[in-house]
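This structure is a prediction, so every number in the text was calculated from the model and none was measured.
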Amino acid sequence: MEGLLVLLGLAVLSVPVLLIVALVMIGGLRSRVSALEGELARLRASAGAEAGPEPSSAAVRPPPAAPAPAPTPTPAPVEARPRPQPAAAPPVVAAAPDPVRSPPPLPRTPPARSGPDPVTRAARVIKRWFTEGNVPVKVGMLVLFAGVAALLKYASDQGWVAVPVEFRYAGVAAAALAGLVFGWRQRERRRVFALSLQGGAIGVLLLVAFAAFKVHPLLPAGAAFALSVVLVAGAGVLAVMQRAIALAVLGILAGFLAPIWLSTGTGSHVALFAYYAVLNAAILAIAWWRPWRVLNLMGFVFTFGIGTLWGVLQYRPDHFQTTEPFLLLFFAFYLAIPILYARRRAAGGQRIVDACLVFGTPLVAFSLQAALLEGARMPLAFCALALALVYLVLAWMLRMRERYQPLVAPYAVLAVGFATLAVPLALSAQATASVFALEGAAAVWLGLRQQRRLPQIAGLLLQLAAAGSFLIGLEAGSPAQALANPRFTGGLLIAIAGFASAWSYRRSAKSGPAAPYYLWGLVWWIGTALAEIDRFAPPATDADLILVLATLTALLAGVARRWIDAAALDVTVAAALAAAVPLAFAQADAHAQPFAGLGLLAWVLYAGCGIYTLSGLRRVDGRARGFAHAGWVAAWTVALGLGLLELAKRLGLGDGWWVALAAAPLLAVAAATLWRPGWIGWPLATAFQAWRPALRNGLLLVLALAFVNALTWSGDAAPLPWIALLNPLDLFQAGALLVLANGLRSMPQRSRLRAQHPMLLAVAGFALISVITLRATHHWGGVDWRPSMLQTSLVQTALTVVWSMLGVVGWVVGSRRGRRTLWLAGAVLMAVVLAKLVLVDRQHLGNLLGIASFIAYGLLCTAVGYFAPAPPKTSAPRDSSGETA
C-alpha cells in the first residue's frame, strides 16, 4: 500500500514537468509546420512564374467539323491567282493524337558484340601468316629447317660423320684463323664488319683451346695456357692498332677468365698472381696510349675480385710472404692508371677523374690488407698512415700541374681520411666500415663537383657497405672504455660521412638527396651514442644521459642552423627539445623526480643550450620554430610538475595536493599564455606571436584533460581539513575552468568551440559540482571513495538535492532574465532528477535520506511553480559580441 502511494505521489509530482515538456514540444512542432507551409507557398509561387499564362480554351478546343458540301457542276478551268498571304500567321495548335494509330516503334540499338575468343584469334593469326606476305619463303624455310635437322640426325645414326676429333678441332681453328685474316684485310673498307669478325674469330680460337684442354685432353695445361696468353696478347695488339675498344675488352675478359676455365685445382697462387700481374701491366701499357676507362674498370674488378675469392677460399697465414708483394703491385698499378687516364683525357680537353679507381683502389686494397693481417691493430694503423703519406705526396706533386688538378682534391681528401682513420685503427681492427664511409663521402663530393652520377651512386653504396661492415663487426668483443673505443669512433665516422654528403648535396644544384643523407647521419649519431650509454652508463642514469645527448644534438643543429639555411636542422632542434618531455617521465621513473642526481646537471645544460638555440631561431621562418618552442615550454612544464609532485609525496600531503601541485605549472603556463605572453615567448620575443594561438590551444586541450583527470580524485587536503571549494584540488579545477573560459572566448569569431563554449562550460561546471558533492559525502559522510559509493543512500540523496537546486536555479534565472535556453536546461535537469527518483532513489525510501530526496525535490518543484511556472516567451536580445544582454 505504501509503494502504491509513493508511485501515485510521483505521478502527481511529474505532471507539471511533463506538461511543460509537452508545451515545449508542441511549440516546436508548430514552428516547424509554419516553416513548411511558408516553403510550400514559395515553391508554388515560383512554379507559377515559370509556367507562364495558360492557353485559352478556344485555342485548345478543336474546330468543329464542317458539313459536307452539296454536289455542284464542275466549272471551266480558269487561271489560278496567287492568294495574298496574311500579315501574321495565327498560332498553330498541335492536333490531338490519333487514338487509333499507334506511334511508330523506337529503333532498336544492336547489342555490342564481344570480341572473339583466344582460340579464334590464334587461328586468325596463323591464317594471316600463311596467306599474307612472302608465303613461299616462309613455308620453304620451315620445311628446309625440318629437312636439314632430319638429315643430320640420320647421318649421326648411320655413323657417316666419323672424322677424328683432332681434325675437327683443326678445321674449326683453321676457319677461325681464316676469318681473323679476312677481318684484318677488311679493316679499312668495312671497319664494323672487320672488328666483329676479328672478335668472333679470337673468341672461337679461345674456345678451341679450352675444349682441347677440358673436353678432349688434346693439349696439356701449360700449352693451353700459353696459347690463351698469345691470343689475349694478340687481341690487345689488334685493339690498340685499330683503336678498337671492343677487341681490348674481349682480350682482357678472356685473359682473366683463362686461368679459371683452364684450372685443374692444383696450380700455385704465385703463378696465378704473376699472370694477373702481366695482364695488369698490359692494361697499364694500353692506358698509356688509349684512355679506355672500361678496360681499366674490368682489370680492377677481375684482379681484386678473383684475388678476394681466392683469399676467402684458400688463403692461409703462411701465404702472407708470397701474397703481400702482389697486393702492393696491384695497388701500384691501379694507383698509376687514374693518373694516366687523367693525362690522356686532359689532352683532349676534358678534365675527368676516374673516381671508381681513385677511391676504390685504396678502399679494396686496404680491406684486403686488413684480411691478410688478420685484424692486427697497429700494423693496420701504420698502413693507414702510409696510405695517407702516399696520397699526400701525390697531391703535393700534382698541385702545380694544370692537367692533373682534378686529382689534387681527391688525393688530399684520401690523405686526410686515412690519417684520421689511423686513430681508431690503433685501438681496433674494425676499419672497413670507417674506410667505406669516408670513401663514400669523398666519392659523393667528387661526383657532385664533376656532375657525374656514377661516383654519387658509388658513394651511396660505399656508405651502405660501411653500415653493414660496422654491424658485422659488433660481434668481435666489447670495448673496455667509454667513447675512446673503435665502436664509438667507427659509428661517429659513419655519421660524419652522412652529414658531409648531405652538406655536399645542399651546396649543389641537386639538393634532393641532402635530406636522406642528413637523416642517415642523424640516425647513426644518435644510435652510436645510445649504444655507448647502454654499454657503460648505470641504468639509473640512462634517462639523464639521453637528455644530455638530446641537448647536445639540439645545440649542434642550432649552431649549424646559424650558418646553413636548412629546414632539416629546424626539425632536429624541435625534436631534440621536445624529447625532454618523455625523458622527464623516464627520469621520474628512475629516481622519483627529474632533478635528482645527474638529472639536475642535465636540466641545467638543457636550459643553457635551449636558450642559445631558440635565440638563434628568431629570424627563422617556418613551423619548426613553433614546434621547437612548444617542446621547450612543454618540457619545463612537465619537469616542474613532476618535481612538485614528488615534493608533495615526500611532505606527506594528501592526494589533492598531489594533483594540484603537479598541474600547477600547466595552469600557470596556460594563464601566462593568455594574459602574459611575453613571459612564455622568451627567448623568442616578438616572434612568439606567430604561433601563440596554436600553443594556447594545445595548452588548453591539455588543461582540459587534466581537469577531467582531476575529477577522479578524492581531493584529500591533509594535513588541512577538507572544505568544499577551499581545498587545493577544487581550487585548481576552479582556476582551470576560469582559464578555459577565457581561452575559449579568445578564439576567433567563427570558431565552433567559441560558439559552443557556454554549453561546454556549463557541462564542465555541472560535472565539477557533482564531483564536489561526492567528495563531500566522502570526507564528511565517511563514504569510501570508490565506484560502489554511488549505491549508497547518502550519495544519491546528496546528488538529488544538489541537482534539483541547480535545476531550480536554472529555471528561475532563465524565466526572470528571459533566457529560454537556460530555462529549458533547468527543466531538462529537473526531468532527469525525476527519472532518477523513480528509477534509483525509490530503492532508498526505507531510510530518511531517500525520503529527504523526494521531499526536497517536491519542495523545489513547488518553488519553481511559484517563481517561474512557464518558459519565457522570447529569448533576451544578444549584443554584437554574441553574448546575451
Side-chain angles (χ1 to χ4, degrees), residues 252 256 269-270 272-288 293 295-312 315 319-343 353-376 379-398 404 407 410-419 421-422 425 429 431-432 434-436 438-440 442-443 446 458 462 465:
I252 294 299
F256 278 104
H269 67 281
V270 176
L272 174 67
F273 292 146
Y275 169 68
Y276 279 176
V278 174
L279 283 180
N280 284 291
I283 293 175
L284 181 65
I286 293 175
W288 181 269
R293 184 171 179 270
L295 205 64
N296 305 333
L297 291 178
M298 286 184 59
F300 174 80
V301 171
F302 277 103
T303 298
F304 289 104
I306 296 176
T308 303
L309 183 63
W310 173 85
V312 171
Y315 176 76
H319 291 157
F320 180 81
Q321 299 295 333
T322 56
T323 306
E324 180 71 15
F326 288 107
L327 178 60
L328 297 178
L329 180 61
F330 295 149
F331 172 75
F333 278 147
Y334 289 97
L335 180 65
I337 286 177
I339 299 176
L340 296 178
Y341 180 72
R343 168 181 171 271
V353 176
D354 193 345
C356 292
L357 295 185
V358 168
F359 295 107
T361 299
L363 167 67
V364 177
F366 192 80
S367 301
L368 293 177
Q369 183 66 51
L372 293 180
L373 294 175
E374 296 184 339
L380 279 178
F382 287 121
C383 289
L385 289 177
L387 282 174
L389 182 61
V390 167
Y391 283 108
L392 181 62
V393 171
L394 285 175
W396 180 266
M397 293 175 59
L398 299 177
Y404 298 111
L407 289 173
Y411 285 165
V413 171
L414 288 173
V416 174
F418 280 107
L421 184 62
L425 286 178
T432 305
S434 303
V435 174
F436 283 0
L438 295 176
E439 302 300 335
L446 184 61
L462 286 172

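- Nearest heavy atom pair, residue A395 against residue A412, reads CB-N, 4.0 Å.
- L372 is listed as a side-chain neighbour of T323, based on a closest heavy-atom distance under 4.5 Å.
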(request) Would you check, one step at a time, whether the test side-chain contact (heavy atoms from CB on, under 4.5 Å) holds for S367 with T308? (result) CA-CA 10 Å; S367 301; T308 303; over 6 Å; no

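- In this structure, L392 and A415 approach most closely via the heavy-atom pair N-CB, 3.7 Å.
- Applying the side-chain contact (heavy atoms from CB on, under 4.5 Å) rule to V393 yields the partners L389, M397; only residues at least two apart in sequence or on another chain are considered.
- The side-chain contact (heavy atoms from CB on, under 4.5 Å) check on W396 picks up R399, with sequence neighbours excluded.
- Using a 4.5 Å heavy-atom cutoff, the side chains of F331 and L387 are in contact.
- Sorted by first and then second residue, the pairs that involve residues 297-307 and meet side chain to side chain donor-acceptor pair (under 3.5 Å), not counting sequence neighbours, are N280-T303.
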(request) Quick one: do L438 and L462 satisfy side-chain contact (heavy atoms from CB on, under 4.5 Å)? Show the steps, please. (result) CA-CA 9 Å; L438 295 176; L462 286 172; over 6 Å; no

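- Annotation: ring pair (Phe, Tyr, Trp, His ring centres under 6.0 Å) contacts of Y411 (sequence neighbours excluded): Y391.
- Across V413 and A442, no two heavy atoms sit closer than the pair CG1-CB, 3.5 Å.
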(message) Walk me through whether L335 and L394 qualify under side-chain contact (heavy atoms from CB on, under 4.5 Å).
(response) CA-CA 10 Å; L335 180 65; L394 285 175; 3.8 Å; yes

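- Residues V390 and P362 are not in side-chain contact: their nearest non-hydrogen atoms beyond the backbone lie 4.5 Å or more apart.
- Evaluated for a side chain to side chain contact (heavy atoms under 4.5 Å, CB included) with T361, the options L363, L357, V364 yield exactly one hit, L357.
- Here F300 pairs with F304, Y334 under the ring pair (Phe, Tyr, Trp, His ring centres under 6.0 Å) rule; sequence neighbours left out.
- Rounding to the nearest 0.5 Å gives a distance of 11.5 Å between CD of E324 and CG of L329.
- By the side-chain contact (heavy atoms from CB on, under 4.5 Å) test, A388 pairs with F418, A419, sequence neighbours left out.
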